[in-house]
Asks: 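Supplied in structure tokens, the structure appears directly below.
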Amino acid sequence: MLKGFRDFMMRGNVIDMAVGVVIGAAFTGVVTGFVSAFLTPLVGVVVGAAGDFGSYKFSAAGVTFPYGQFLNVLIAFFMTAAVLYFCVVLPVTKATERYLPKKPKTPKRPCPECLTEIPQAASRCSACTAHVEPVAATLR
């Protein structure tokens, strides 16, 4: 029983996932700190507030609605999403496109028997195993 657990824990994907979770938690702290230290006060300057809307509330029928807390969380969410997109997702996407270019797609044609898309140079359909005549790839 313990051997199976040890084998499970030593598989690469479990270790990779654990490292990813720890790094993700640390990165969350960095992004949250950046948003709260720089971007939230900047919003406060733009809208003329102190950058903290936590004290904003209204009352109706004797019930208090602290909508300012929701505004703080909403602003932090959108700023965090923007920071992640512009500082992580966009640069990684650009680097991936630059250093790992996509392979050109091979031209396809339908199988005459089952109409599944197969490569033009194929002599047998991978879906229905029908023999097909290969078509010479045309250069454009």
Asks: For Glu97, does the CD atom sit with more than 12 other heavy atoms under 6.0 Å from it, leaving out its own atoms?
Replies: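 More than 12 within 6.0 Å, yes.
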Asks: Using the six-membered ring wherever Trp is involved, compare the ring planes of Phe58 and Phe65 and label them parallel, tilted or perpendicular (cut-offs 30° and 60°).
Replies: parallel
Asks: Say you draw a straight line from OH of Tyr85 to CG of Leu90; how long is it, rounded to the nearest 0.5 Å?
Replies: 4.5 Å
Asks: Roughly how far apart are Thr96 OG1 and Lys94 NZ, rounded to 0.5 Å?
Replies: 11.5 Å
Asks: With sequence neighbours excluded, tell me which residues meet salt bridge (Lys or Arg N to Asp or Glu O under 4.0 Å) with Lys102.
Replies: none
Asks: Quick check against the 3.5 Å criterion: does Arg124 have a side-chain atom that pairs as donor or acceptor with the backbone of Ala130?
Replies: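 Such a contact is absent between Arg124 side chain and Ala130 backbone.
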Asks: Within this structure, what is the CD-OG distance for the pair Glu133 and Ser123, rounded to the nearest 0.5 Å?
Replies: 9.0 Å
Asks: For the hydrophobic clusters of this structure (ILVMFWY residues joined by side-chain heavy atoms under 4.5 Å, transitively), does one cluster hold both Val89 and Phe86?
Replies: yes
Asks: Rounded to the nearest 0.5 Å, what separation is found between the CG atom of Leu74 and the OH atom of Tyr67?
Replies: 13.5 Å
Asks: Taking atom CZ of Phe78 as the centre, does the number of heavy atoms from other residues, nucleotides or ligands within less than 6.0 Å exceed 12?
Replies: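 No, not enclosed.
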Asks: Do Val132 and Arg109 touch side chain to side chain, with heavy atoms closer than 4.5 Å?
Replies: yes
Asks: Do Phe38 and Phe77 sit in the same hydrophobic cluster, where Ile, Leu, Val, Met, Phe, Trp and Tyr count as joined when their side-chain heavy atoms come under 4.5 Å apart?
Replies: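 No, it is not one cluster - the side chains of Phe38 and Phe77 are not joined through contacts under 4.5 Å.
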Asks: Considering only heavy atoms from C-beta outward, does the side chain of Cys128 approach that of Cys111 to under 4.5 Å?
Replies: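 Contact flag for Cys128/Cys111 side chains = yes.
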Asks: With hydrophobic residues grouped by side-chain heavy-atom distances under 4.5 Å, do Val30 and Val21 end up in a single group?
Replies: no
Asks: For residues Ile118 and Lys108, determine if any side-chain heavy atom of one lies less than 4.5 Å from a side-chain heavy atom of the other.
Replies: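 No, every pair of side-chain atoms sits at 4.5 Å or beyond.
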